[in-house]
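Presented below is the structure to which this report refers.
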Amino acid sequence: KFVDYNPSALLEDPVNKPVSLKLFKKYYSLFDDYYKFLILTIYVTGIRLAELRGLELKAFNLKEGYVYIYKTTTSKIGSKKSVDLIPKSKSSIRKIYLSKEYIKRFKEFVKQHELTRTDRLFYTQKTNNKKSPLSENAIRSHIQLIEKKYKLEHITLHGLRHGIATYLYDKGISDTDIGKYLGHKKNNVTMDVYIDLTKERQQNIVNIIDKFIKELD
């Protein structure tokens, strides 16, 4: 069982406390378009911060409707540089199927920011027009700015990930399917090796998320 995102186990955990749908909508309504799409991406895909920073446009297969998580980007200790890494576990390398509404907003975002296939989805513009991964501090600082300005309840990026897990759990998606969706490494070796999250079961999740996104605005 994935007790780490079970709502009852997270109530007193300020780091992993799930971000409720109501609270997510409050933050979402106050962000500019860039950060609206950023936190939407975290919330509906459940990806980790390092996975978010590693996203490149070439990871998106819009014809088949999924994003392939195969790389993470983390800050190098003792410097301001970022390093690309392979995910630590095989379960983290996964396809996440995307809802039609998310794909629609993805296309609008790419067009608006004139991104190319080799670009990061979220980046910072540096000298010589070089696009580098958006830093962890920049993302956290922007969220904290909104929190303090509007005196909102504190949220964490990992809490967004747990928020979608709790939301899907409440909608009747099994803990096994949620775990696969989030790329969790499970204790049960047989389950980990022989059971995969099929496209049909992913579609159940996608349908729920599609409806959720349409109700945001």
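We use all heavy atoms of the structure for the numbers below, so side chains are in, but hydrogens, waters and symmetry mates are not. Note that the structure is predicted; figures quoted are calculated from it, not measured.
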inquiry  = Same cluster or not: Leu62 versus Phe122, using hydrophobic residues (I, L, V, M, F, W, Y) connected whenever any side-chain heavy atoms lie under 4.5 Å apart?
reply    = yes

query = Any chain of hydrophobic side-chain contacts (each under 4.5 Å) joining Leu21 to Tyr150?
reply = yes

inquiry  = Hydrophobic clusters here meaning ILVMFWY residues chained together by side-chain heavy-atom distances under 4.5 Å, can you tell me if Tyr27 and Tyr34 are in one?
reply    = yes

remark   = Per side-chain hydrogen bond (donor to acceptor under 3.5 Å, both in side chains), Thr73 is matched among Glu136, Arg120, Arg53 by Arg120

ask   = Please walk me through it: do Thr156 and Lys17 pass side chain to side chain contact (heavy atoms under 4.5 Å, CB included)?
value = CA-CA 8 Å; Thr156 66; Lys17 184 179 179 181; over 6 Å; no

query = Tell me, do Leu121 and Leu115 make a side-chain contact under 4.5 Å, heavy atoms counted?
reply = yes

query = Under a 4.5 Å cut-off applied to non-hydrogen side-chain atoms, are Phe31 and Leu38 in contact?
reply = no

task = Check whether any side-chain heavy atom of Ser99 lies under 4.5 Å from a side-chain heavy atom of Val44, and answer yes or no.
result = no

Non-hydrogen atoms of Leu182 and Ala165 that approach each other most closely = CD1-CB, 3.8 Å

Side-chain (Ser29) to main-chain (Lys26) donor-acceptor, under 3.5 angstrom = yes

request  = Measure the spacing between CD of Glu101 and CD1 of Ile103 and express it to the nearest 0.5 Å.
outcome  = 10.5 Å

request  = Hey, could you give me the CD1/OG1 distance between Ile96 and Thr45, rounded to the nearest 0.5 Å?
outcome  = 5.0 Å

message = On a heavy-atom basis, which atom in Ile155 and which in Glu147 lie closest, and how many Å separate them?
response = N-OE1, 4.2 Å

message = Test of understanding: clusters of I, L, V, M, F, W, Y form through side-chain heavy atoms closer than 4.5 Å, transitively. Do Leu145 and Tyr35 belong to the same one?
response = no

ask   = For Thr176 and Ser174, what are the C-alpha separation, side-chain angles and deciding distance, and is it a side-chain hydrogen bond (donor to acceptor under 3.5 Å, both in side chains)?
value = CA-CA 5 Å; Thr176 300; Ser174 71; 4.7 Å; no

message = If I compare all heavy atoms of Phe24 with all of Leu40, which pair ends up nearest, and what's the gap?
response = CZ-CA, 4.1 Å

task = In plain terms, say whether Lys71 and Asp84 are close enough for a salt bridge, that is, a side-chain N and a carboxylate O under 4.0 Å apart.
result = yes

task = Check the angle between the aromatic planes of His158 and His162 and answer parallel, tilted or perpendicular using the 30° and 60° thresholds.
result = perpendicular

key: Stepwise side chain to side chain contact (heavy atoms under 4.5 Å, CB included) test for Phe60 and Leu98   = CA-CA 9 Å; Phe60 289 82; Leu98 305 167; 3.8 Å; yes

query = Should Arg140 and Leu49 count as side-chain neighbours, where that means a heavy-atom distance under 4.5 Å?
reply = yes

request  = Starting from the C-alpha separation in whole Å, work towards a yes-or-no answer on side chain to side chain contact (heavy atoms under 4.5 Å, CB included) for Lys180 and Asp177.
outcome  = CA-CA 5 Å; Lys180 283 286 187 180; Asp177 283 2; 5.6 Å; no

request  = Report yes if the side chains of Asp32 and His142 come closer than 4.5 Å at any heavy-atom pair, otherwise no.
outcome  = yes

task = Could you walk me through whether Arg48 and Thr72 pass the side-chain hydrogen bond (donor to acceptor under 3.5 Å, both in side chains) test, one step at a time?
result = CA-CA 9 Å; Arg48 303 170 177 91; Thr72 65; over 6 Å; no

inquiry  = Is there a side chain to side chain contact (heavy atoms under 4.5 Å, CB included) between Tyr102 and Asp210? Walk through the geometry before answering.
reply    = CA-CA 7 Å; Tyr102 178 85; Asp210 198 50; over 6 Å; no

key: Heavy-atom pair with the smallest gap, counting every atom of Thr124 and Pro133   = CG2-O, 3.7 Å

ask   = Going by the angle between their ring planes, with limits at 30° and 60°, are Phe109 and Phe37 parallel, tilted or perpendicular?
value = parallel

remark   = When rounded to the nearest 0.5 Å, the distance separating OH of Tyr97 from CG of Asn61 is 8.5 Å

query = More than 12 foreign heavy atoms under 6.0 Å from NZ of Lys25: is that the case here?
reply = yes

task = For Lys58 and Arg117, indicate whether the former's side chain and the latter's backbone hold a donor-acceptor pair under 3.5 Å.
result = no

query = Closest heavy-atom contact between Thr118 and Glu56?
reply = O-OE2, 4.5 Å

task = Tell me whether Leu152 is reachable from Leu216 by hopping between hydrophobic residues (I, L, V, M, F, W, Y) whose side-chain heavy atoms are closer than 4.5 Å.
result = yes

task = Mind listing the closest non-hydrogen atom pair of Lys95 and Tyr68 along with its distance?
result = CG-CD1, 4.0 Å

ask   = Do Tyr167 and Tyr43 have their ring centres less than 6.0 Å from each other?
value = no

key: Cationic N near anionic O, under 4.0 Å, Arg94 to Glu51   = yes

remark   = One should read off an interatomic distance between Asn204 CG and Leu168 CG, to the nearest 0.5 angstrom, of 10.5 Å

